[in-house]
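In what follows, a single structure is set out as C-alpha cells and then discussed.
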Amino acid sequence: MCGIIGYIGRDDAVDLVVEGLRHLEYRGYDSAGVAFPTDSGIEVRRCKGKIKDLEAIVYVDKPVANVAIGHTRWATHGVPSEYNAHPHSSDNIVLVHNGIIENYLDLKKELIERGYRFTSETDTEVLCHLIDRYSRDYTFEEAVMMALKDVRGAYAILVLSARDPQKIIGVRKDSPLVLGIGEGEFFLASDVPAFHARTGRVIFLENNDMVILSPEGYKLMDLNGNSIEREIEFIPPMAAGADKGGYKHYMLKEIHEQPRALSDTLRGRIFPERGEVNLSEFGLDEGMLRGVDRIFIGACGTSWHAALAGKYMIEQIARVPVEVDLASEFRYRRPLIGDKDLFIAITQSGETADTLAAQREAKRRGALTLSICNALGATSAREADAVFYTHSGPEIGVASTKAFTSQLFSLYLFSLIMARIGGRLEEQDAVAMIAELLRVPDKIEKIISNEDAIVAVAKELFKAKDFLYLGRGILHPIALEGALKLKEISYIHAEGYPAGEMKHGPIALIDEDVPVVFLVQRGVLKEKVLSNISEVKARGGKAVVVMSDSLLGEVRQADYTIGIPETNPYLEAVLMAVPLQLLAYHIGVLRGCDVDQPRNLAKSVTVE
Ligand code: AGP
C-alpha cells in the first residue's frame, strides 16, 4: 500500500519524482525517500513522515540528476522510521517496493549466512540484497530476473544499479505499475496521476512484466528475458480534481462534489424518456444477463457497504437472488459459484488485493465478472469481463465519500437493467424511477446547504468516546457506513447495527455518553425505529435522528434531528449517506484529526 515512482529523461528527475510522490501520498504517508545517481554512486535520502518532511531533506543542496526513484510508505513490515523507509540499498543495488515478500524470512536467513548485514526490519531489504548477490555474477537485468525467481509474494519494484546508473528496471506482480511514455522521458509509477501532468500515453504492465528504462527508450520483456509487446493507451487529462479547489480538505471537497459526481455517473448512461439504462455502458448485453441465475457481490470496506445496499436494490427491484461477501472471506470459502452466476466486484481504486483475488476466484470458477470501478484502467476493470466506471472523478481523501454514492447509483442502474430484462418493471415505473434518480443531485445540494445544522450537532457530540449507528433494511448498510466514516476520520469507536438487533446486546452500551444515530425511513419499519428511539431515551441515551423532512414532526424524543428531502426508499440510502459523511468530517476536524490522511489508513489496500 505504498506509492512508487521512477523517472528517466532530460529533466530534473528528483523534482519530478517528489512531485509524483505528492500525487501518490494517498497510498501511504508514514515515511518517504528518493534515490538518484551521483558521481560517487547512488545517493539515498529518506525520512520518517510525509512528503513535506522529505522535501525538507531533499531541497538542501538539491541534487541534479536525470534519473531518480522514489517511495511513499504504508508500513507492513517494520515500524515507520528512517531506517525502515525506502529506498533500500545493498552495495551497488538500490530499490523501492510496493507489496509484500512472503518468504522473506527464509531468504534473509540464507543471505545472513552469506555475510549480508541487515539494517532494517523490512521484507524489501531482502530483495535488495538478493539482487545484489546475483549482480556479482550476472548482468543487472539477469540479476533482477534471478532474484525474482526466488521470491514469493506481491511486488512492484523499481531498481537502480550504481554500475548502470542510466537505467531503471521495473517489474510488476500483483501490485500495480504503469509506464508513462513522454517526449524523450519515461515514468514508472503505481498510478497515473503521479505523472499525468507530463503524459497521458501509458502502458499498464501485466503480471511478470519487466521494463528497462534508459534515456533512449524502454524495453519490455518477461522474466525469462523474452521481448513482449503491450498496447499503449491514452488517458485523457483527468477532470480537475487533484487540487483542493479552495476547500480545507479533499474529503470536504469530495463531499460537496457529489451532485456533480453523480450527474457524471449518469451522463450517457440512461434514456429517461424510455426508462432505460444504456446496457453497453456496463460492457454487457441482454444475452449475457438473461443466463444469470444468481448474483454475487464481493468488496471491502465502504465498497462492501455499497454491496449490501445493492443487494436490497437488486433483490427488491429485479427479484434476482444476491449474495454479498467480504472479498477477504469470499476468496477462501470455496464459494458455490459457477458459470450461471455473475460476480460483481465493487472497488473505488480497482487495486484492492482482496477484491481482486475474489474476482479472480469467481472467474476461475466460471462466473461472469463485472467490475464497478472508479479508477480508469485499474486492474479489476482490466481483468473483469465487463466494467462500469462510476466516473466520480479522482478521490484523494482516504475516506471514501463521492465514490460510495456513485457506487449506489451504479447498483440502482444495474437493478433497473435486471428488472427490465426479467420483465419485472413496466416502462412507466422505470421512467419514474429514473426521473427520481435525476432529482437526487439537487436534493444533495439541499442537504449540503444545510451543513451548519450538522456542524451544530458535531459541536455537541465531538467529545463522545463511543457512537452507535442504527438503521433497518437498506439503511442498515448506511448505518455501517456512517460508523465507518466516524471511525476512520475521528478515531472514535463507532458501531453500525441493524436497529432490530439493538435489544439483543448493543443496548447494554447505552448511557448519556453514547450518542445513537438513528436512520429512519418511511414505511413499515418507521414505527419500529421510532420505538427503538424511545428505548434509548428510556436509558438516558442521546438520540440523533436522520429522516426525511416530512417525517420530522413525528419524532418527539430526538435530541438532534437532521432532515433530508423526500425520495424513493432505494435512493434514500444515497441521501442519508451525505449528512453522515458531514457529521464524521466535522467531528474529525473539531478533534484536530488529519481527515485527509487518517492515521494507520491508506486509500488503496494493495496487499492482503
Ligand atoms: C473507505 O473510506 C476506506 N478507504 C476503505 O474502507 C475502502 O473502502 C476499502 O479499502 C475498499 O477500497 P476500494 O473501494 O478501493 O476497493
Side-chain angles (χ1 to χ4, degrees), residues 1 3 24-29 74 174-176 190-191 193 249-252 254-255 258 297-310 324-331 343-360 370-381 383-384 387-390 392-408 410-411 477-478 480-491 494 496 577-578 580-585 588 593-608:
M1 287 186 296
L24 292 172
E25 209 171 10
Y26 68 90
R27 304 176 64 86
Y29 34 82
W74 194 92
D174 291 343
S175 295
S190 301
D191 203 352
H249 295 103
Y250 283 113
M251 183 181 179
L252 186 62
E254 288 153 8
I255 292 172
Q258 289 181 102
I297 312 180
C300 303
T302 286
S303 297
W304 178 64
H305 296 151
L308 292 171
V324 174
D325 268 277
L326 283 163
S328 52
E329 294 298 321
F330 181 87
R331 61 184 296 185
F343 179 88
I344 303 178
I346 303 180
T347 169
Q348 187 287 128
S349 63
E351 301 294 351
T352 301
D354 286 319
T355 306
L356 288 176
Q359 178 181 322
R360 290 174 184 143
L370 166 66
S371 169
I372 294 183
C373 181
N374 189 45
L376 283 185
T379 305
S380 169
E383 293 187 2
V387 56
F388 181 83
Y389 284 116
T390 53
S392 318
E395 190 176 66
I396 312 287
V398 168
S400 185
T401 53
K402 61 179 181 175
F404 176 62
T405 48
S406 291
Q407 288 164 350
L408 295 176
S410 312
L411 291 158
I478 308 305
L480 292 172
E481 179 57 11
L484 178 63
K485 287 283 97 62
L486 191 69
K487 278 183 268 204
E488 289 184 284
I489 296 303
S490 71
Y491 318 144
V578 179
L580 302 185
Q581 296 164 349
L582 287 167
L583 185 64
Y585 170 78
C593 301
D594 183 340
V595 295
D596 275 345
Q597 295 180 340
R599 70 184 184 198
N600 302 344
L601 284 180
K603 182 70 181 166
S604 161
V605 183
T606 55
V607 289
E608 192 183 343

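This structure is a prediction, so every number in the text was calculated from the model and none was measured. Just so you know, ligand 1 is whichever comes first in the structure, and atom 1 is the first atom listed for that ligand.
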task = Give yes if a backbone or side-chain nitrogen or oxygen of T352 is under 3.5 Å from a nitrogen or oxygen of ligand 1, and no if not.
result = yes
ask   = Got a salt bridge between R360 and E383, using NZ or NE/NH1/NH2 to carboxylate O under 4.0 Å?
value = yes
task = Examine H305 together with F404 and report whether their ring centres are nearer than 6.0 Å.
result = no
Contact check, side chains of L411 and I372, non-hydrogen atoms, under 4.5 Å = yes
ask   = Side chain of K402, backbone of M251: donor and acceptor closer than 3.5 Å?
value = no
inquiry  = For atom 10 (O) of ligand 1, what's the nearest protein heavy-atom neighbour? Residue, atom name and distance, please.
reply    = V605 CG2, 3.9 Å
ask   = In terms of atom number and element, which parts of ligand 1 are under 4.0 angstrom from non-hydrogen atoms of S349?
value = 13 (P), 15 (O), 16 (O)
query = For the rings on F343 and F330, is their centre-to-centre separation under 6.0 Å?
reply = yes
remark   = When distances are taken from atom 3 (C) of ligand 1, the protein heavy atom at minimum range is E488 OE2, 3.1 Å
note = Here the pair of heavy atoms bringing A378 nearest to S349 is CB-O, 3.3 Å
request  = Under 4.0 Å from a heavy atom of T347: give me the atoms of ligand 1 that qualify, with their elements.
outcome  = 13 (P), 14 (O), 15 (O), 16 (O)
key: Nearest heavy atoms of A306 and L408, plus distance in Å   = CA-CD2, 3.9 Å
message = Among all protein heavy atoms in this structure, tell me which lies nearest to atom 9 (C) of ligand 1, with the distance rounded to 0.1 Å.
response = C300 O, 3.7 Å
query = For atom 8 (O) of ligand 1, which of T401, T302, L601 has the closest heavy atom?
reply = T302
ask   = S400 to ligand 1: N or O pair under 3.5 Å?
value = yes
request  = Would you mind running through ligand 1 and noting each atom that sits below 4.0 Å from a heavy atom of Q348?
outcome  = 13 (P), 14 (O), 15 (O), 16 (O)
request  = Could you name the option among S303, G301, A306 that has the heavy atom nearest to atom 14 (O) of ligand 1?
outcome  = S303
ask   = Can you check whether V398 has an N/O within less than 3.5 Å of an N/O in ligand 1?
value = yes
query = Which ligand 1 atoms does A399 reach within 4.0 Å, using its non-hydrogen atoms?
reply = 2 (O)
ask   = When you look for heavy atoms under 4.0 Å from ligand 1, do you find them on the side chain of K485, its backbone, both, or neither?
value = side chain
ask   = Got a salt bridge between D354 and R331, using NZ or NE/NH1/NH2 to carboxylate O under 4.0 Å?
value = yes
ask   = Out of curiosity, is S604 lining ligand 1, as in a heavy atom under 4.0 Å away?
value = no
query = Backbone N or O of V398 within a donor-acceptor pair of the D596 side chain at under 3.5 Å?
reply = no
